Colleague: 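This structure is in C-alpha cells; I'll ask about it shortly.
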Amino acid sequence: MTEGPTVVVVGSSVGGVRTAQALRSEGFDGRVVLVGEEARLPYDKPPLSKQFLAGSWNAERVTLLTEAAADKARIELRLGVAAERLDVAGRQVVLAGGERLDYDAVVIATGAAARPSPWGARSGMHVVRTMADSECLQVDLRRDGHVVVVGGGFIGAEVAATARSLGRDVTVVDPLPAPIGRVVGAEVGAHFAELHRRHGVATRFGTGVESVEGDVGDLRVVLTDGTELAASTVVVGIGASPNDGWLADSGLLVENGVVCDEFCRAVDAPAVHAVGDVARWFHPDHGEHTRVEHWTNAVDQAVCVAHNIAHPDDLHAYRPVEYVWSDQYDWKIQIVGRPHRATEHHLVGDPAADKPRFAALYRGREGQLGAAVTVNWPKALVTCRRLVTAGAAFGDAVTQIDALAAAPARTVATPA
Amino acid sequence: MPVLKADFEACQGYGNCLTGAPDAYDIDDDGVVVLLKQEITDEERPRIEEAARSCPVSALTVEDS
Ligand SMILES: Cc1cc2nc3c(=O)[nH]c(=O)nc-3n(C[C@H](O)[C@H](O)[C@H](O)COP(=O)(O)OP(=O)(O)OC[C@H]3O[C@@H](n4cnc5c(N)ncnc54)[C@H](O)[C@@H]3O)c2cc1C
Ligand code: SF4
C-alpha cells in the first residue's frame, strides 16, 4: 500500500470520481480512498432521465469508473458502505459499522437526494435520482396508461419527453405558470411549455397537487383546482436537497450544503473540502455563497479541489461560469450564466419553428452578456460561453451571434 | 508522445472540453468536436486529460502512443 498522505473522498458519483482522478492528474502521490454508499460501480446521472430511462443506454454505458480504471489510477474503492460521521478534530471518517478511516484531507461529495413526494400513494410513485430509481420507473413506464409528472423543471420535463417517446400519454403538472421560466424568464419559458404541447404532452401549469391516492396502475391525482387525473404511474420531480445530514454533529457549518470558502474548503476546517451538489462555496465573482446542481459544476469543482489539495501553496479560487444542458424531445438545450438575473434579452432565430435553432442572449447588470440559452445550436453556445467568461459587452455579443446565424452552415474538416 | 482521440459519433456538442483546453479542442458549425492537434506533450497532458474527462459523454481520450 502506498505510504504518504491519505485523501478520503466521500461520495462516488461524478463529483467524487472526478476528484479522485484529478488528484492523480495533479500529481498527488499518496493514498486516494473513494467511499460510496451504493454498491454499484460509480455511474453517471444525466442519462437516468434520458437515454438510460428510455432503455437505449445500458448500465455499462453510464459507468463513470471501472475497477480496472480505479486500479490503474490507484484509487481504492470502498463501495456499498455509507459514511456515517465526520470526526473533524480526529481527522477520521466514520463508516457505517464503525470502521474509521484516517485522512489528511477529506472531500465531501455526497451530492443531493430527490425531495421525497409529500403525497402518499401506496405504490406507483417515483422520484428519479439513482440508477435504482430509474430502473423501477422504467418498469412502470412499460405499463399501459397515463403518466402524470409532478414538476415541470428540467428532470420532470425530461421524464415527460422520455415517457412520451415510449408511447405513453403524459400530463405534466406544476404550480408555476411556466416552470422553466424561473430559470430562463417568462417569455422564453413559454416556449418550453409550448414544446410539451407540440409533442402531444398535456400540461397543467399554474395548478398544484392536492393529493395522490391508490396503487400502481390505478392512481388518482387530485389537483388544487379540484380536477382529478387518473394515472397508472406518477413521477415526482420537485427538486433535490443536499445530502449533508451525516455531518450534523461534525461541527462544520452546514446550511443547505457544506459552507466553504472560495477555495472550496469548509469554513474553519481547511482539511475538509466539498464538491458538487453538496457544496455551498463562496463564489468570488458573484460575491455570495452559491450551490449549483449541475454536472459540469461538479466536474470543474472536482478539478479545482484536487488542485488545491495537491498544491496547498498555490490555492485556486473556484469562480466558474454556470453551465447546464438538458435534452427535451427534439430540443438540445444549453444554458450558460445566470439568465434569471438578467434585465432584458434578445432572441436570434425563431423558437416557434419546427425543430428550431435559436439563442436567447441576456443582458447582465453591467451591460455585459450575462447569460445565454441556446437550442439545437452548440456553436452559438460555445461562442456565448467564451463571451460570458470574457465579460463581453451585450451589444457585441448580439452582433456576433447575429453574424453566426447569417453564416451558412459549413463543416470544418477534422485532421485525420 | 500522448495522442488525442475523439469519438465524433458520440460527441453531443456540449462544449465542456473547450473550456479546459481551448488549444486542443474546438467545435465546428454542426456542433461536433474538432481536434486542434493530434499529439500533445507530457507537460500538457494533465490539463488536457482533465478537459477530456469533462466530456459528459466520454467522447474524448488521451492515449499513449
Ligand atoms: C435524473 C437526473 C438528470 C440530470 N440531468 C442533468 C443534465 O442534463 N445536465 C446537468 O448539467 N445536470 C444534470 N443532472 C445533475 C447532475 O447529475 C448532478 O449535478 C451531479 O450528479 C452532481 O454530482 P455529485 O457527485 O455532486 O452528487 P450526486 O450525483 O448526488 O452523487 C452523490 C453520491 O454520494 C453518495 N452518498 C450520499 N451520501 C453518502 C454517504 N453518507 N456516504 C457515502 N456515500 C454517500 C450517493 O450514493 C451518490 O453516489 C441530473 C441529475 C439527475 C438526478
Ligand atoms: S465535451 Fe464531449 S460532447 Fe462536448 S464538444 Fe467536447 S467532445 Fe463533444
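Owing to the predicted nature of the structure, the values given are computational and were not obtained by experimental measurement. Proteins get letters first, then strands, A, B, ... in listed order; numbering begins at 1 in each.
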Colleague: With a 6.0 Å cut-off (strictly less than), is the heavy-atom count around CD of B:Glu63, excluding the residue itself, greater than 12?
Modeller: yes
Colleague: Where the side chain of B:Arg53 meets the backbone of A:Arg18, is there a donor-acceptor pair that is under 3.5 Å apart?
Modeller: no
Colleague: To the nearest 0.5 Å, how far apart are CH2 in A:Trp377 and CG in B:Asp29?
Modeller: 10.0 Å
Colleague: Of all the heavy-atom pairs spanning A:Ser25 and B:Glu49, show the shortest one and how long it is.
Modeller: OG-OE1, 4.2 Å
Colleague: For A:Arg385 and B:Asn16, run side-chain contact (heavy atoms from CB on, under 4.5 Å): C-alpha distance rounded to whole Å, both residues' side-chain angles, the deciding distance at 0.1 Å, then the answer.
Modeller: CA-CA 10 Å; A:Arg385 211 166 159 181; B:Asn16 280 356; 3.0 Å; yes
Colleague: Which one, B:Gly13, B:Gly20, B:Pro22, leads in non-hydrogen pairs under 4.5 Å with chain A?
Modeller: B:Gly13
Colleague: For B:Ile27 versus A:Pro378, what's the shortest heavy-atom pair and its separation?
Modeller: CD1-CB, 3.9 Å
Colleague: Relative to chain B, which segment of A:Asp327 carries a heavy atom at a distance below 4.5 Å: side chain, backbone, both, or neither?
Modeller: side chain
Colleague: When only heavy atoms count and the cut-off is under 4.5 Å, which of residues 55-62 of chain B reach chain A?
Modeller: B:Cys55, B:Pro56, B:Val57
